[in-house]
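The next block holds one structure in the form of structure tokens; read it before the comments.
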Amino acid sequence: MPLHKVPVGLWKRLRLREGICSRLPPHYLRSLEEARTPTPVHFRPHGAKFKINPKNGQRERVEDVAIPVHYPPESQLGLWGGEGWLKGYRYVNNDKFSKRVKKVWKPQLFQRELYSEILDTKFTVTVTMRTLDLIDEAYGFDFYILKTPKEDLCSKFGMDLKRGMLLRLARQDPQLHPDDPERRAAIYDKYKEFVIPEAEAEWVGLTLDEAVEKQRLLEEKDPVPLFKVYVEELVEQLQQQALSEPAVVQKRANRT
């Protein structure tokens, strides 16, 4: 007999169908349920299911097994480009006959100042060399943030930046270069392909806890005093009673 009625792997999905989670916007729920495979960073995929063995010429089946990557909390405050910590083992003094000890490989980090055209702000961000290469491939910092999906960004800071950029694009905020409307229009036209409705942009990059709190605040109503409720009910009853009773018309006596 199984220990649980429902497999543990389905607990997160079932949580989205009950309570306040079920009332979250559909586009946000779809973003949580979509399981996308991140771009391989620490290994090279074969790109095929079979390959030819050069020794015997026989076709052999191959599989792309991703290396487990650990993303520490500080990776959420920067842009590591999908890189993380790799945990493994090494031999003491590189001698295979010696003791095997634990080893952690960490990426090389740099502090760089990056400028956002949409937000008109400079950010001092912790990045890797791969992040800088990806920014160059995307032809700009804003393009990199807007084009890269959540699975490849692997950064809460990056998703917050994306939400801020999408909100400014959706609102066409006039606070961007208020003294230079031509430059503002050129920037909005440059990134017009990423424009989405403001109602969707507000939920981009939010964690489940943040989304639940946002939904709770949207549904929250200020308490109404009971005397106001009773007064409204009394007024409605009097109005219905006045409409149901026939109107009595009194004739005035003619003066002679």
Side-chain angles (χ1 to χ4, degrees), residues 25 27-28 31-32 36 38-42 69-86 104-211 213-214 217:
H27 55 83
Y28 180 78
S31 66
L32 294 180
R36 298 180 180 178
T39 303
V41 176
H42 299 284
V69 184
H70 172 68
Y71 298 101
E74 51 266 29
S75 67
Q76 303 300 313
L77 305 178
L79 297 172
W80 289 17
E83 295 189 56
W85 293 1
L86 300 181
V104 178
W105 287 268
K106 301 180 181 180
Q108 189 176 10
L109 304 177
F110 308 92
Q111 291 283 338
R112 292 293 183 269
E113 194 175 70
L114 303 175
Y115 173 72
S116 170
E117 281 187 325
I118 299 176
L119 302 177
D120 191 24
T121 308
K122 292 183 179 180
F123 301 93
T124 302
V125 191
T126 303
V127 298
T128 62
M129 287 303 300
R130 184 173 189 274
T131 305
L132 299 178
D133 293 339
L134 292 174
I135 293 175
D136 292 339
E137 291 179 7
Y139 298 101
F141 177 59
D142 290 357
F143 278 119
Y144 166 70
I145 295 295
L146 294 172
K147 289 181 179 179
T148 309
K150 176 178 63 175
E151 293 76 13
D152 293 339
L153 273 179
C154 297
S155 169
K156 184 66 172 66
F157 171 72
M159 294 305 298
D160 291 342
L161 282 179
K162 178 180 288 190
R163 181 171 63 256
M165 294 178 183
L166 292 175
L167 283 174
R168 173 156 281 189
L169 291 175
R171 295 169 179 170
Q172 297 290 306
D173 190 0
Q175 297 297 327
L176 177 63
H177 303 297
D179 300 331
D180 193 351
E182 294 183 358
R183 183 180 180 186
R184 179 173 67 246
I187 292 176
Y188 287 148
D189 183 70
K190 181 180 179 181
Y191 301 97
K192 62 182 179 181
E193 61 178 302
F194 303 103
V195 177
I196 61 175
E198 182 180 351
E200 295 184 15
E202 291 179 347
W203 298 84
V204 172
L206 294 180
T207 62
L208 183 58
D209 293 337
E210 292 175 343
E213 179 64 16
K214 181 179 178 64
L217 294 176

So which atom in [X] and which in [Y] form the shortest heavy-atom distance, rounded to 0.1 Å?
| X | Y | answer |
| --- | --- | --- |
| Pro107 | Gly84 | CD-O, 3.4 Å |
| Lys162 | Thr148 | NZ-O, 2.6 Å |
| Val41 | Gly81 | CG2-O, 4.3 Å |
| Arg184 | His177 | NH1-O, 2.9 Å |
| Leu114 | Leu79 | CD1-CD1, 4.5 Å |
| Cys154 | Gly82 | SG-CA, 4.4 Å |

[atom2] on [Y] to [atom1] on [X], rounded to 0.5 Å:
| X | Y | atom1 | atom2 | value |
| --- | --- | --- | --- | --- |
| Trp80 | Trp85 | CH2 | CH2 | 6.5 Å |
| Ile118 | Leu169 | CD1 | CG | 4.0 Å |
| Thr124 | Lys122 | OG1 | NZ | 9.5 Å |
| Gln76 | Tyr71 | CD | OH | 9.5 Å |
| Ser75 | Leu153 | OG | CG | 11.5 Å |

Pairs where residues 144-160 contributes a residue and the test salt bridge (charged side-chain N to carboxylate O under 4.0 Å, His left out) is met, not counting sequence neighbours
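Residue pairs with at least one partner in residues 144-160: Lys156-Asp160, Lys156-Glu210, Asp160-Arg163.
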Begin with the C-alpha distance, continue with both residues' side-chain angles, and end with the deciding distance and a verdict on side-chain contact (heavy atoms from CB on, under 4.5 Å) for Thr126 and Leu77.
CA-CA 8 Å; Thr126 303; Leu77 305 178; over 6 Å; no
Any non-hydrogen side-chain atom of Phe110 less than 4.5 Å from a side-chain atom of Met129?
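Side-chain contact under 4.5 Å: yes.
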Minimum side-chain heavy-atom gap Pro174-Gln172 below 4.5 Å
no
Glu83 with Lys106: basic N within carboxylate O range, under 4.0 Å:
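Lys106 and Glu83: not salt-bridged.
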Only one of Leu161, Ile145, Leu146 passes side-chain contact (heavy atoms from CB on, under 4.5 Å) with Leu166, and that residue is Leu146
Is the ring pair Trp203/Tyr28 parallel, tilted or perpendicular, if the boundaries are 30 and 60 degrees?
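Rings of Trp203 and Tyr28: tilted, 30 to 60°.
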Angle between ring planes, Phe143 versus Tyr191, binned at 30° and 60°: parallel, tilted or perpendicular?
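Ring orientation, 0 to 90° scale: tilted.
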Mark yes when over 12 heavy atoms from residues, nucleotides or ligands other than Glu182 sit less than 6.0 Å from its CD; otherwise mark no.
no
Distance only, no hydrogens: is a donor on one side chain within 3.5 Å (strictly under) of an acceptor on the other, for Tyr115 and Asp142?
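No.
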Validation row, ring centre Tyr139 to ring centre Tyr144 under 6.0 Å
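No, ring centres 6.0 Å or more apart.
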Set of salt bridge (charged side-chain N to carboxylate O under 4.0 Å, His left out) partners for Arg168, sequence neighbours left out
Asp173
Test side-chain hydrogen bond (donor to acceptor under 3.5 Å, both in side chains) on Thr128 and Gln108 and set out the steps.
CA-CA 6 Å; Thr128 62; Gln108 189 176 10; over 6 Å; no
When the side chains of residues 192-199 are checked against the rest of the protein, which donor-acceptor pairs come out under 3.5 Å, sequence neighbours left out?
residue, atom, partner, partner atom, Å
Lys192, NZ, Asp189, OD1, 3.4
Glu198, OE2, Arg171, NE, 2.8
Glu198, OE2, Arg171, NH2, 3.2

